[in-house]
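The structure appears right after this line, and notes come after that.
Heavy atoms only: backbone and side chains are in, while hydrogens, waters and symmetry mates are out. Everything numeric in this text was worked out from a predicted model, so none of it was measured.
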Amino acid sequence: MSTTSEFTKRTGQNTENGQKAAWNENEADDGGKVKHEKKVALGKKVTLLSGVSIIIGTTIGGGIFIAPKGILKNSGNIGMSLVMWIGCGVLSLLASVMYLNSMSVTWTARLQTFLTVCKLLAILAIIVPGMYQLFKGKTENFQNAFDMSQMQLSGLPLAFYSGMYAYAGWFYLNFVTEEVENPERTVPLAICISMVVVTCGYVLINVAYYTVISAEELLASPAVAVTFAEKMFGKFSIAVPVFVALSCYGSMNGSILALSRTFYVASREGHLPRVLSMIHIHRHTPLAAVFMLYPMTLLQLFVGDIYSLLNFMSFMRWLFIGIVVLGLIYLRFTKPDLPRPFKVPLFIPVLFCLTCFTMVFMSLYSDPVNTGIGFAISLTGIPAYFIFIYFDQRPKWLQRALDWFNRTLQILLMVVPGE
């Protein structure tokens, strides 16, 4: 029986019966005997280098080129803005050590490595001339760096959001833990290497900005990196937008690789349509879960103001990250004997939770509209969970629609339940 006909047969059986059947990709010799079996499952193809590239490449996106304006605006002065950059980096490192593409994972990881090298070169292209200017004595913009006259306490949560937006990416490697080689060693090591590199790079690039651009010029600039390049490189500044685009593409590439695994696991646990937990029979990637990200991304493009979107998304992100880490503290006391390959001192998650919840609830005062909308949307998940997941009281018409959706996508995408 051919692979296609066997796939079609199993597709109908798997979808209608709701059973998790195994699929083996067989190769036969001329006599029709099976030479070997190949399981359809997510393989361990992410090495330490790939892991570091995923974190650095996803973290360094467009944030470092737009977030400096948001941080300076809400922190009030240059000195406090640099403190925020360092603080957000340290907080991202602490958070990341607590958290334990559609075509090819291997090629996605290789592309991510290449793009990470490109964006690090772009950052060095800003840091090196900036440090040169600093050593020449260009320090006038650092005079009275901690002038508190423009600082407002209510603005600090929004400065925190801008900073953590630029550092977003520290948690993505945890989403692909099933595909990481020797995860007990690779994940924490990749996280520590990546966040040290990113934090040092971010602080130095901001120092480089301020050697050339004053605080007033930075706040008036629509794109800080472009303004810096125009002052330093003249007509060669056209190269900077190209590197920014590559940086954003690398961040998007890593995000798709990692976030699709969230849909994959949620589907496997019964919280999303079952087809999202299925794997392509040849490429061994969660193809349906990857495709689900595209319409969601397009919807976010209709939001015109990047800072409104940033505050809106950051509120929900850090609220739930804080809740997740609170669950870690709860399990530390209720189930102390659980195996923990990587364990941090208890004061770290406690400090992190306090910081998260303080900033999240202060932002309700700082930007009540966007954060309020995010909070209201989050609350809709409570009745949805109890109606569709906990009590499993789906109307028959909805169940038939989900069955049709699962069966259709399974046939079109050639995906099957993994082993």
Side-chain angles (χ1 to χ4, degrees), residues 1-26 38-42 101-103 105 175-176 178-179 255-303 313 316 320 323-324 373-419:
M1 182 179 291
S2 67
T3 301
T4 304
S5 60
E6 179 67 15
F7 164 78
T8 305
K9 177 181 175 183
R10 290 178 179 267
T11 295
Q13 292 175 346
N14 292 337
T15 305
E16 293 174 1
N17 296 336
Q19 297 174 350
K20 186 176 180 181
W23 169 268
N24 291 328
E25 186 180 292
N26 301 325
K38 191 175 182 182
K39 294 182 179 180
V40 176
L42 298 178
N101 237 330
S102 65
M103 297 305 293
V105 174
F175 294 177
V176 294
E178 292 184 31
E179 302 164 75
S255 298
I256 290 175
L257 172 68
L259 288 175
S260 60
R261 272 58 180 178
T262 306
F263 290 89
Y264 171 80
V265 174
S267 171
R268 192 169 61 185
E269 297 297 320
H271 294 174
L272 289 175
R274 190 166 173 272
V275 69
L276 301 182
S277 64
M278 297 183 186
I279 301 173
H280 193 274
I281 60 173
H282 298 304
R283 303 189 185 280
H284 297 179
T285 59
L287 195 62
V290 172
F291 280 2
M292 281 297 294
L293 291 172
Y294 297 125
M296 299 179 65
T297 303
L298 290 175
L299 286 175
Q300 295 180 31
L301 292 178
F302 288 97
V303 179
M313 297 298 294
M316 293 192 294
F320 285 106
I323 293 174
V324 168
I373 293 173
F375 189 58
I377 293 176
S378 302
L379 291 178
T380 62
I382 297 176
Y385 171 78
F386 281 101
I387 294 173
F388 297 110
I389 306 299
Y390 187 79
F391 295 115
D392 197 18
Q393 298 295 321
R394 296 172 184 166
K396 290 184 178 180
W397 64 266
L398 179 59
Q399 187 60 54
R400 286 195 298 268
L402 287 174
D403 290 342
W404 176 86
F405 177 78
N406 287 331
R407 183 167 56 251
T408 303
L409 276 188
Q410 193 176 358
I411 293 172
L412 290 175
L413 301 179
M414 297 187 69
V415 293
V416 295
E419 294 188 37

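Residues P286 and R261 have side chains in contact (heavy-atom distance under 4.5 Å, counting atoms from C-beta outward). Counting only heavy atoms from C-beta outward, the side chains of M278 and V416 never approach each other to under 4.5 Å.
Annotation for S277 and R268: closest pair CB-N, 3.6 Å, computed over non-hydrogen atoms. The shortest non-hydrogen separation linking A288 to V275 is CB-O, 3.6 Å.
Between R274 atom CZ and Q410 atom CD the span is 7.0 Å, to the nearest 0.5 Å. Note that CH2 of W404 and CG of L409 are 8.0 Å apart. Values are rounded to the nearest 0.5 Å. Expressed to the nearest 0.5 Å, how far CG of L287 lies from CD1 of I281 amounts to 11.0 Å. Taking CG from L413 and OG1 from T408, the interatomic distance works out to 10.5 Å, rounded to the nearest 0.5 Å.
Remark: L272 engages F263, A266, S267, L276 in a side chain to side chain contact (heavy atoms under 4.5 Å, CB included) (not counting sequence neighbours).
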